[in-house]
Amino acid sequence: MMTNAASPRMADSAKPIDLFELVTTGRAGPLELGRSSRETVRGLIDPEDVRADNHFRHEDTESAWCIYGRNCEFFFSPDFRLRSISVEPVFGRLQPGGMMATWYGHLDVDVGRHPVTFAGTSPIEIHTLPKALQFLNKSDFKWAIGGGRERDVYIELAESTRVLTLKYEVNAIPVDGKDNVAFAIDYFLSTIFILDQAVQGG
């Protein structure tokens with residue numbers, strides 16, 4: 001379950017996971033790409049929040065293992081080392097008056113009794129594409145921008161064998177159009193994906 005910074009459920013504090021630190025060094029908070037085990041990930045997720053904990057391909061003992069939380073996915077190598085993390089932020093629904101709930105400060109990923117905060121620097125704090133593009137001029141990472149068939153936009157940051165991908169999807173926001181309904185078009189962050197290409201897996 002994704003919560004915002006003001007969530008009352010954040011009972012137990014956990015060391016923040018800075019996305020930039022994770023892609024730069026491979027390690028942040030309790031997670032380390034290429035090293036963290038399934039037990040480490042399981043310890044972060046309440047049992048009732050686990051959607052899957054099995055092989056990526058059904059009954060394939062050589063396939064990578066995966067653990068799915070409510071909106072987080074963790075993939076492991078055949079020798080059970082953490083290979084990639086996928087997070088799908090849950091957007092706030094439209095509020096009265098046409099205002100959309102937005103994130104403030106950082107993303108809180110509530111994965112159970114030990115909530116993990118994907119915190120960090122300003123580029124990750126911003127949820128719309130035009131503002132997110134501003135940090136590329138100051139970024140120390142190798143980066144690329146691409147697009148998908150469904151008008152998606154991808155920003156990819158790379159460091160060594162690690163890649164951080166931010167996927168943006170087009171969204172229409174109702175605005176005050178006086179006598180007529182009007183919409184403003186923008187791209188909102190829909191998926192965060194971190195992969196270590198040096199770790200074996202499918």
Side-chain angles (χ1 to χ4, degrees), residues 1-3 10-90 106-121 123-124 139-144 146 148 152 154-168 189-202:
M1 181 176 70
M2 178 70 69
T3 60
M10 301 291 285
D12 299 328
S13 62
K15 184 177 179 181
I17 295 179
D18 187 312
L19 294 176
F20 281 172
E21 181 182 354
L22 191 58
V23 76
T24 301
T25 67
R27 181 173 187 174
L31 296 177
E32 184 172 5
L33 292 172
R35 287 187 175 270
S36 290
S37 65
R38 287 178 295 154
E39 288 71 26
T40 299
V41 172
R42 285 193 191 117
L44 296 170
I45 306 176
D46 283 337
E48 62 269 21
D49 291 340
V50 176
R51 293 186 294 119
D53 186 352
N54 53 24
H55 289 103
F56 183 63
R57 289 185 290 273
H58 185 59
E59 295 182 354
D60 182 354
T61 57
E62 298 300 319
S63 175
W65 200 272
C66 65
I67 297 177
Y68 287 7
R70 287 192 179 181
N71 68 316
C72 304
E73 300 176 355
F74 301 86
F75 296 90
F76 299 82
S77 65
D79 59 353
F80 306 123
R81 295 179 297 128
L82 182 61
R83 182 172 193 258
S84 67
I85 304 168
S86 177
V87 181
E88 294 185 358
V90 177
H106 54 266
L107 305 181
D108 291 332
V109 182
D110 190 346
V111 291
R113 62 187 177 277
H114 300 295
V116 177
T117 303
F118 282 77
T121 52
I124 305 304
S139 175
D140 295 329
F141 298 101
K142 296 178 182 177
W143 57 269
D152 300 329
Y154 299 86
I155 297 179
E156 184 176 278
L157 306 175
E159 177 67 25
S160 183
T161 60
R162 295 173 297 275
V163 179
L164 168 64
T165 302
L166 306 177
K167 177 185 175 184
Y168 289 82
L189 184 62
S190 64
T191 307
I192 300 165
F193 187 72
I194 300 172
L195 167 69
D196 191 335
Q197 297 172 322
V199 181
Q200 182 183 0

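For the residue pair Ile194 and Leu19, the shortest heavy atom distance occurs at CD1-CD2, 3.7 Å. The shortest non-hydrogen separation linking Phe141 to Trp143 is O-CD1, 3.4 Å. The nearest pair of heavy atoms linking Val199 to Gly34 is CG2-CA, 3.6 Å. What you find for Leu157 and Phe20 is that their closest heavy atoms are CD1-CE2, 3.6 Å. Residues Thr191 and Ser86 approach most closely at CG2-OG, 3.8 Å, considering heavy atoms. For the pair Arg42 and Asp53, the tightest heavy-atom approach, listed with the atom from each and the gap, is NE-OD2, 2.6 Å.
Proximity of a side-chain donor or acceptor of Asn71 to a complementary backbone N or O of Glu88 within less than 3.5 Å is detected. Between the side chain of Arg162 and the main chain of Thr24, a donor-acceptor pair closer than 3.5 Å is present.
Residues satisfying the salt bridge (Lys or Arg N to Asp or Glu O under 4.0 Å) criterion with Glu73, sequence neighbours excluded, are Arg51. Evaluation of the side chain to side chain contact (heavy atoms under 4.5 Å, CB included) rule for Ala144 yields no partner, not counting sequence neighbours. For Arg27, the salt bridge (Lys or Arg N to Asp or Glu O under 4.0 Å) partners are Glu32, not counting sequence neighbours. Considering only residues two or more places apart in sequence or on other chains, Phe80 meets the ring pair (Phe, Tyr, Trp, His ring centres under 6.0 Å) condition with Trp65. Among residues two or more places apart in sequence or in another chain, the salt bridge (Lys or Arg N to Asp or Glu O under 4.0 Å) test is passed with Arg81 by Asp79. Scanning for ring pair (Phe, Tyr, Trp, His ring centres under 6.0 Å) contacts around Phe193 gives an empty result, with sequence neighbours left out.
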Evaluate Leu22 against Ile85 for side-chain contact (heavy atoms from CB on, under 4.5 Å), listing each step before the verdict. CA-CA 11 Å; Leu22 191 58; Ile85 304 168; 4.0 Å; yes

Under the side-chain contact (heavy atoms from CB on, under 4.5 Å) rule, what do Ile155 and Thr165 come out as? Steps first, then yes or no, please. CA-CA 6 Å; Ile155 297 179; Thr165 302; over 6 Å; no

Test side-chain contact (heavy atoms from CB on, under 4.5 Å) on Leu33 and Leu31 and set out the steps. CA-CA 7 Å; Leu33 292 172; Leu31 296 177; over 6 Å; no

Intermediate values then yes/no, side-chain contact (heavy atoms from CB on, under 4.5 Å), Arg83 and Leu195: CA-CA 6 Å; Arg83 182 172 193 258; Leu195 167 69; 3.5 Å; yes

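A distance of 6.5 Å separates OG of Ser190 from CG of Asp152, quoted to the nearest 0.5 Å. Rounding to the nearest 0.5 Å places CD of Glu156 at 10.0 Å from CG of Leu166. To the nearest 0.5 Å, atoms CZ (Phe74) and OG1 (Thr40) are separated by 10.5 Å.
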